[in-house]
Structures are given as C-alpha cells and as structure tokens.
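Down below is the structure, laid out as structure tokens.
Model, not experiment: these values are computed from the prediction.
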Amino acid sequence: MKTIIAAYSGVLRGTGSNILSALQDLFWLLKSKVEKQLQIISVLQWVLTFLIMGIACTLILMYILCTDCWAIAALYLAWLVFDWNTPKKGGRRSQWVRNWAIWRYFRDYFPIRLVKTHNLLTTRNYIFGYHPHGIMGLGAFCNFSTEATGVGQKFPGIRPYLATLAGNFRMPILRDYLMSGGICPVNRDSIDYILSKNGSGNAIIIVVGGAAESLNCTPGKNSVTLKNRKGFVKLALRHGADLVPVYSFGENEVYKQVIFEEGSWGRWVQKKFQKHIGFAPCIFHGRGLFSSNTWGLLPYSKPITTVVGEPITIPKIDNPSQQDVDFYHSMYVDSLIKLFDKYKSRFGLPETEVLEVN
C-alpha cells in the first residue's frame, strides 16, 4: 500500500512540474507576442509621423481656428512666430524624449545596431556623412535621434544632430517633435550655428545622397550618390570640422520600391518634385500591419547595422578653393569605400560585393 501511495505522489509531483513548465512556456509566449506588437506599434507611429504628421497637424490647427477653441490654436500660432528661428539655432532637444521606451521597441523590431570603430574627441566638431538614404533613413533616426542604441554611451560628450529637410520645421507640432530628438534643418544657417556658436563636441549627421539617392534604393543594391555631392566637404573645411564616413548595412533592405528608368515619365515627375519641393515621391511598400505576407507601410524586419568609421582630420580654411574641396572629397570617398569593404562580410554581404558610387 505504501508503495502505491508513493508512486501516486510521484505522479502528482510530476504532473505539477509539467503544469508549471507549461505555464512558464505560455507566459514567455504571451510576453513575446506582446513585445512584438509593441515593436510594430512603435515603428508604425514613426512611419505615420514621417508621412503624414506635418500635414495632419496643419489641417487640425486650421480646423481648431474655426471652432470655439480657436484661442488655443491662436496661442500656439503666436508661440510659433516667437519660436520660428529656434530650429536654426540648435533646436530644443529633450533627453527625456530621446530615452523613451518606445524607441527600444523600435530598435528591436529590425533590429538596429550601432557599431563604433574609433573614439571621437570632445574638443572637435564633426560632420557625419550617412549612407545610404534608404526610403526613410530609419537607421539614421534610431541611432542618432534616440538613445536606443546607446550613441551617448558609445560617444560620450558628443551631441548628435540629425539634419533633415528644412520644410519639416515649418509644420506645426511636427517641428517640436523633431527638435526634441535633436533633429535640425539641413541648411547652411543651422549647420553654421551648430559648428561655430555651439561649442565643441557637436556631430551633425547629413544623409549626403538625399532624395536623389532614395530614388535608386532597392533590396540587394549598395549604391550611394556622392560623386557630385561636395557641399558638406566645403562646410567641414570652413569650420574645421572632421568628416566621419558612416555606412548603414541593411538600410536598403527594409522596403521594396518601384524604380523608374531614366527618361521615363515616372522619373521625370520624381525629379520635378525633388527640384521644387526638396523631396522625391517614391512608390514603395513594406509588409502589412497584421501579416508579413501582405503589402503595407510597415518596413520589413531586416537587421540594420550602422558602422561609424574613422574621422578624417579637416583643417579650417575660411575660403576653401575648389582644389581643396576636391582633395578632401576624394579622401572621404576612399575612406567610405574602405569602411564598406572592411565590414561587408561581417554583415551578410559577399566579399565580391562592390559599393557603387554615383
């Protein structure tokens, strides 16, 4: 009888252990699903911010002006006039916003990673050339406009400023949201102020290829628009700011795009938009909200690894000649190619892959 009781007790203990194990598995499964949904939400909010927040906030503000709450909109517009030049003077960053938990979910969705190769001196200023643009520059945003990948810890004492279209800072609410992340207009006034009147330890991140480069981004293609992009080199020379090449492996993999051939009506329309408005409309798609097998606005969850290269020491020349600009531009291009070649095999590309410089 004792033997039967002991055996029965053992079965119960085994059953309890199995139930506990099953509950643990269920807990981790539910936690994983919740985290995945939070990652999707975090990325979706930024995609919608990128695409429609500026226009939506402008329309909402105009609507409020026509309602009984018009005083709220009027107060904001008065503040907007008073604060109009703040983006040109370094903006108004918020460490609280840069450290939001939502950006960590954003990072883990892909995931996005920042790789440091060299130390940066806090006694110098820098211009980072970010390549490639991709559709939305997701790696540039996550790495340099948030603390999700630890840019502040990897480069202590360095203040990153991601430069983007000046037109974004004419949009109500959107301008304040962008400035909170340390984003500034990519124009001469803004860059001159940061590099000359904001002390040292500043790093301006310029997506050099811009809208023109975004028109050619597609999965499996590593090409940059750089041959005739020399304005950032001239700015670096005028301020004595060191140039730092940055390449983001995987930036072109997260969206698929319809590429229009040169001379086609589609490319003509894109170039007209680029010339007169500053951005080029792209026909692209990612995955759907509820399934990766459907089309939608969410990017595909492909890894993006951003490698920050070795700084190139730049002398301060108040009026650099074209020969000076060409010389340091050539140095920059060579440094970018070397950076790409050194790290390409570590991040999934074959040794035979060549960076195409247009």
Side-chain angles (χ1 to χ4, degrees), residues 93 98 103-104 106-107 110-134 136-164 181-184 186 191 194-195 200-210 213 222 224 226 229 232-233 235-236 239-254 303-314 328-329 331-349 353 355 357:
R93 72 174 55 218
R98 287 176 61 89
W103 306 131
R104 294 193 289 275
F106 183 99
R107 172 199 65 198
F110 296 93
I112 295 174
R113 179 185 170 202
L114 181 66
V115 177
K116 170 186 174 181
T117 63
H118 291 79
N119 291 325
L120 298 180
L121 300 175
T122 57
T123 55
R124 300 284 294 174
N125 283 324
Y126 301 91
I127 293 180
F128 287 18
Y130 184 92
H131 314 269
H133 184 286
M136 296 186 187
L138 296 167
F141 168 75
C142 184
N143 285 308
F144 301 113
S145 294
T146 80
E147 293 296 329
T149 56
V151 63
Q153 295 174 349
K154 289 184 169 80
F155 300 104
I158 300 297
R159 293 181 298 276
Y161 293 87
L162 177 60
T164 188
I183 300 177
C184 67
V186 62
I191 295 172
I194 292 170
L195 295 180
S200 60
N202 302 293
I204 298 179
I205 298 88
I206 299 177
V207 187
V208 179
E213 190 172 84
N222 288 282
V224 297
L226 184 58
R229 298 295 174 107
F232 73 106
V233 178
L235 280 169
H239 293 283
D242 294 346
L243 289 171
V244 182
V246 179
Y247 196 86
S248 212
F249 295 90
E251 185 72 62
N252 284 345
E253 306 299 316
V254 297
I304 299 174
T305 305
T306 303
V307 184
V308 180
E310 181 178 5
I312 303 167
T313 303
I314 303 294
Y328 285 101
H329 181 267
M331 282 184 63
Y332 178 86
V333 173
D334 290 342
S335 183
L336 178 64
I337 292 173
K338 287 177 183 176
L339 179 70
F340 177 84
D341 289 339
K342 182 177 180 179
Y343 288 94
K344 61 185 178 184
S345 60
R346 301 188 194 183
F347 303 118
L349 297 177
E353 185 73 19
L355 179 62
V357 180

_Check: H118 and P311 side chains under 4.5 Å, non-hydrogen atoms_ = yes
*Compare every heavy atom of E310 with every heavy atom of T117, then report the nearest pair and how far apart it is.*
OG1-N, 3.9 Å
_Checking the side chain of E147 only, and the main-chain atoms of G152 only, is there a donor and an acceptor separated by less than 3.5 Å?_
yes
*If you measure from CZ on R159 to CD1 on I204, what distance do you get to the nearest 0.5 Å?*
11.0 Å
*Which value, rounded to the nearest 0.5 Å, describes the distance between L121 atom CG and T313 atom OG1?*
8.5 Å
*asked:* Can you tell me how far apart CZ (F110) and CD (E253) are? Round to the nearest 0.5 Å.
replied: 12.5 Å
*asked:* Does the structure place the NZ or CZ of R98 under 6.0 Å from the centre of the six-membered ring of F144, at an angle of no more than 45° from the ring's axis?
replied: no
*Any L162 side-chain heavy atom under 4.5 Å of C184 side chain*: no
*Are F106 and F141 an aromatic pair by the rule of ring centers under 6.0 Å?*
yes
_Gap between atom CD1 of I312 and atom CD1 of I314 - 0.5 Å precision_ = 6.0 Å
*Step by step, would you call N143 with Y130 a side-chain hydrogen bond (donor to acceptor under 3.5 Å, both in side chains)?*
CA-CA 11 Å; N143 285 308; Y130 184 92; 5.3 Å; no
*Look only at the side chain of R124 and the backbone of G240, and say whether a donor-acceptor pair between them is shorter than 3.5 Å.*
yes
*Taking all non-hydrogen atoms of both residues into account, name the closest pair between I304 and G139 and its distance.*
CG2-CA, 4.2 Å
_How close do R229 and V208 get, counting heavy atoms only, and between which atoms?_
NH1-O, 2.9 Å
*Counting N and O atoms only, with roles assigned by atom type, does the side chain of H329 sit under 3.5 Å from a partner on the main chain of L226, one being a donor and the other an acceptor?*
yes
*Would you check if the side chain of K116 reaches a backbone N or O of K154 as a donor-acceptor pair within less than 3.5 Å?*
yes
*asked:* Using a 6.0 Å distance limit plus a 45 degree cone around the ring axis, check whether K344 lies over the aromatic ring of F249.
replied: no
*E353 side chain near N222 side chain, heavy-atom distance below 4.5 Å*: yes
*What are the two closest heavy atoms between L243 and A236, and how far apart are they?*
CD2-CB, 3.7 Å
*Is a donor on one side and an acceptor on the other found under 3.5 Å between the side chain of N202 and the backbone of L195?*
no
_Does the plane of the ring in Y332 sit parallel, tilted or perpendicular to the ring in F232? Use 30° and 60° as the thresholds._
perpendicular
*Is there a donor-acceptor pair under 3.5 Å between the side chain of T146 and the backbone N or O of C142?*
yes
*Do the side chains of V115 and T305 get nearer than 4.5 Å, heavy atoms only?*
yes
*Within a strict 4.5 Å, meaning less than it, do heavy atoms of the L349 and Y343 side chains meet?*
no
*For the residue pair P156 and T122, what are the closest heavy atoms and their distance?*
O-CG2, 3.4 Å
*How far apart are the closest heavy atoms of L339 and G309, and which atoms are they?*
CD1-CA, 3.8 Å
*With rounding to the nearest 0.5 Å, note down the distance linking OG1 in T306 to CD1 in I112.*
7.0 Å
_If you apply the rule side chain to side chain contact (heavy atoms under 4.5 Å, CB included), what do you find for E213 with V224, and how did you get there?_
CA-CA 6 Å; E213 190 172 84; V224 297; 3.4 Å; yes
_How long is the straight-line distance from CZ of R107 back to CG of L114, given to the nearest 0.5 Å?_
11.5 Å
*Determine the interplanar angle of the F128 and Y126 rings, folded into 0 to 90°, and report it as parallel if under 30°, tilted if 30 to 60°, perpendicular if over 60°.*
perpendicular
_Donor-acceptor pair, distance only, cut-off 3.5 Å: does the side chain of N125 make one with the backbone of G201?_
yes
